[in-house]
Amino acid sequence: MFEKLVRKHSVQMVIFFIWFISVLISGLLTLFIMRITLDENYMIALIIACSAATVASLSTSIPTTLVYKKIIKMKDEIIKLSKIDGLTKLLNRTSFMELYEQLVKVSIEKQDSLAVIIFDLDHFKRINDSYGHAGGDKVLERVGTIIKQLLPKQELIGRFGGEEFIVVLHEVTKDEAGVIGERIRHELNSSIIYNEKEINFTVSVGIVHTSHCNLNTDNLIKIADDNLYIAKRNGRNNTSIEYV
């Protein structure tokens, strides 16, 4: 119930709604008690009514505070989940691009070094055809797990689409970019067990490195993507890097 309210309305509106109900209950309770006791003694009626209203207010304000905390937590989780690819637990394309554009802008202003790494599962269609889409999904999940373990401090990792992934490295040398690209390729030369069958998989890796960033987001991705296709043309399970 609360999740639906949070999705449709702002937190402030939900809290106002709960507060309004609390005040309404307290007010109605006050009027009811005063009405049934007023004939006997006005002061007694007033004291009883105010006491009842206070109790009613406290009994609703405490749960309201707890609900507020729950709503805030739920709101944060919804926002977080909206940025994450459900299968790989990496950034989805939209969230990745937002952060990527900001990072490239800063890198251009400061003339920082930047590397973009794009890697793609080799012959992924064969995996889907041989083991079904469920088997392919398990491979994608494993890729997400491996890449997060491999680059635990690198936040800018995303699923770019389908079986393609992207990593951005800020302030690394060209040698470091090459080493990381090779580590990705090596660690993702792997396998999983699915339905008692072994699924082997590899990736091809394309990299672009710039010592003093002066290229926009699209150009960097295009160069990395071009190098990805060079790696595939060279037999797959390869890495191709370009320095600009």
Side-chain angles (χ1 to χ4, degrees), residues 77-100 103 115-170 172 176-209 217 220-242:
E77 289 178 356
I78 290 172
I79 292 172
K80 182 179 178 181
L81 288 173
S82 70
K83 297 179 179 181
I84 300 298
D85 174 63
L87 194 61
T88 63
K89 309 307 178 188
L90 302 174
L91 289 173
N92 60 34
R93 181 168 182 146
T94 300
S95 299
F96 172 86
M97 288 302 295
E98 289 176 359
L99 295 173
Y100 170 58
L103 182 57
V116 175
I117 301 174
I118 296 179
F119 60 94
D120 183 281
L121 281 157
D122 296 323
H123 300 299
F124 188 65
K125 186 176 184 302
R126 291 184 189 177
I127 294 175
N128 280 332
D129 290 344
S130 300
Y131 305 98
H133 288 285
D137 286 348
K138 290 297 181 183
V139 171
L140 292 170
E141 286 179 13
R142 183 58 182 157
V143 170
T145 300
I146 291 174
I147 198 68
K148 284 191 295 183
Q149 292 173 347
L150 183 62
L151 301 172
K153 295 181 180 180
Q154 178 57 247
E155 296 182 356
L156 211 50
I157 308 171
R159 183 181 178 189
F160 208 48
E163 66 272 24
E164 193 172 59
F165 299 81
I166 187 165
V167 176
V168 177
L169 306 172
H170 184 228
V172 294
E176 289 171 336
V179 168
I180 292 173
E182 269 297 287
R183 284 179 61 197
I184 290 173
R185 186 192 65 79
H186 176 74
E187 294 296 327
L188 291 176
N189 185 349
S190 188
S191 64
I192 63 167
I193 301 299
Y194 175 72
N195 283 347
E196 300 181 351
K197 295 180 180 179
E198 185 177 33
I199 305 178
N200 297 295
F201 59 90
T202 62
V203 298
S204 297
V205 182
I207 309 171
V208 57
H209 179 273
T217 54
L220 287 166
I221 287 177
K222 184 180 185 308
I223 296 171
D225 206 40
D226 288 344
N227 278 279
L228 170 64
Y229 283 99
I230 291 173
K232 286 188 176 291
R233 285 199 302 268
N234 288 338
R236 293 181 169 81
N237 192 17
N238 268 294
T239 300
S240 176
I241 186 167
E242 184 172 342

Q.
What's the separation between atom CD in Glu242 and atom CG in Leu220, rounded to the nearest 0.5 Å?
A. 10.5 Å
**Q.** Distance in Å, Leu156 CG paired with Leu103 CG, rounded so as to fall on 0.5 Å steps
**A.** 6.0 Å
(Q) To the closest 0.5 Å, what do you measure between CG (Leu188) and CZ (Arg183)? (A) 11.5 Å
Q) Please walk me through it: do Ile192 and Phe201 pass side-chain contact (heavy atoms from CB on, under 4.5 Å)? A) CA-CA 9 Å; Ile192 63 167; Phe201 59 90; 4.0 Å; yes
Q) So with a 6.0 Å cut-off around NZ of Lys148, is the heavy-atom count from everything else above 12? A) yes
Q | Donor-acceptor side-chain pairing of Asn237 and Arg185 below 3.5 angstrom | A | yes
**Q.** side-chain contact (heavy atoms from CB on, under 4.5 Å), paired with Ile117, selected from Ile241, Leu169, Val168
**A.** Leu169
Q) Just how far is it from atom CZ of Arg142 to atom OG1 of Thr145, taken to the nearest 0.5 Å? A) 6.0 Å
Q | His170 atom NE2, neighbour heavy-atom count above 12 within 6.0 Å | A | yes
(Q) Run Glu176 and Val179 through side-chain contact (heavy atoms from CB on, under 4.5 Å) and show every step you take. (A) CA-CA 5 Å; Glu176 289 171 336; Val179 168; 5.7 Å; no
Q: May I ask you to test the Phe165-Ile147 pair for a side-chain heavy-atom distance under 4.5 Å?
A: no
Q) Would you say the side chain of Ile180 lies within less than 4.5 Å of the side chain of Val167, judging by non-hydrogen atoms? A) no
Q) Do Asn227 and Ile230 touch side chain to side chain, with heavy atoms closer than 4.5 Å? A) yes
Q) About how many Å separate CD1 of Ile146 and CG of Leu151, when rounded to the nearest 0.5 Å? A) 12.0 Å
Q) Is the backbone of Val172 close enough, under 3.5 Å, to the side chain of His209 for a donor and an acceptor to pair up by distance? A) yes
Q: Output every pair passing side chain to side chain donor-acceptor pair (under 3.5 Å) with a member in residues 157-168, not counting sequence neighbours, ordered by first then second residue.
A: Asp85-Arg159
Q. When rounded to the nearest 0.5 angstrom, what is the spacing between CD1 in Ile184 and OG1 in Thr239?
A. 8.5 Å
**Q.** Ile223 vs Val116 side-chain heavy atoms within contact, under 4.5 Å
**A.** no
Q) Side chains of Met97 and Ile221: closer than 4.5 Å at any heavy-atom pair? A) yes
Q: Could you give me the CA-CA distance, side-chain angles and deciding distance for Val205 and Ile207, then say whether side-chain contact (heavy atoms from CB on, under 4.5 Å) is met?
A: CA-CA 7 Å; Val205 182; Ile207 309 171; 3.9 Å; yes
Q.
Ignoring hydrogens, what is the shortest heavy-atom contact between Ser95 and Leu91? Give both atom names and the distance.
A. CB-CD2, 4.1 Å
Q) Among pairs that include at least one residue of residues 193-207, which meet side chain to side chain donor-acceptor pair (under 3.5 Å), considering only residues two or more places apart or in two chains? A) Asp122-Thr202, Asp122-Ser204, Ser191-Glu198
(Q) How close do Asp120 and Lys232 get, counting heavy atoms only, and between which atoms? (A) OD1-NZ, 3.1 Å
Q) So with a 6.0 Å cut-off around CZ of Arg126, is the heavy-atom count from everything else above 12? A) no
Q. For the residue pair Gly162 and Leu140, what are the closest heavy atoms and their distance?
A. O-CD2, 4.0 Å
Q | Partners passing ring-ring contact (aromatic ring centres under 6.0 Å, His included) against Tyr100 (at least two apart in sequence or in another chain) | A | Phe96
Q: Would you check, one step at a time, whether the test side-chain contact (heavy atoms from CB on, under 4.5 Å) holds for Val139 with Tyr131?
A: CA-CA 10 Å; Val139 171; Tyr131 305 98; over 6 Å; no
Q | Closest heavy-atom pair and its distance - Ile199, Gly135 | A | CD1-O, 4.1 Å
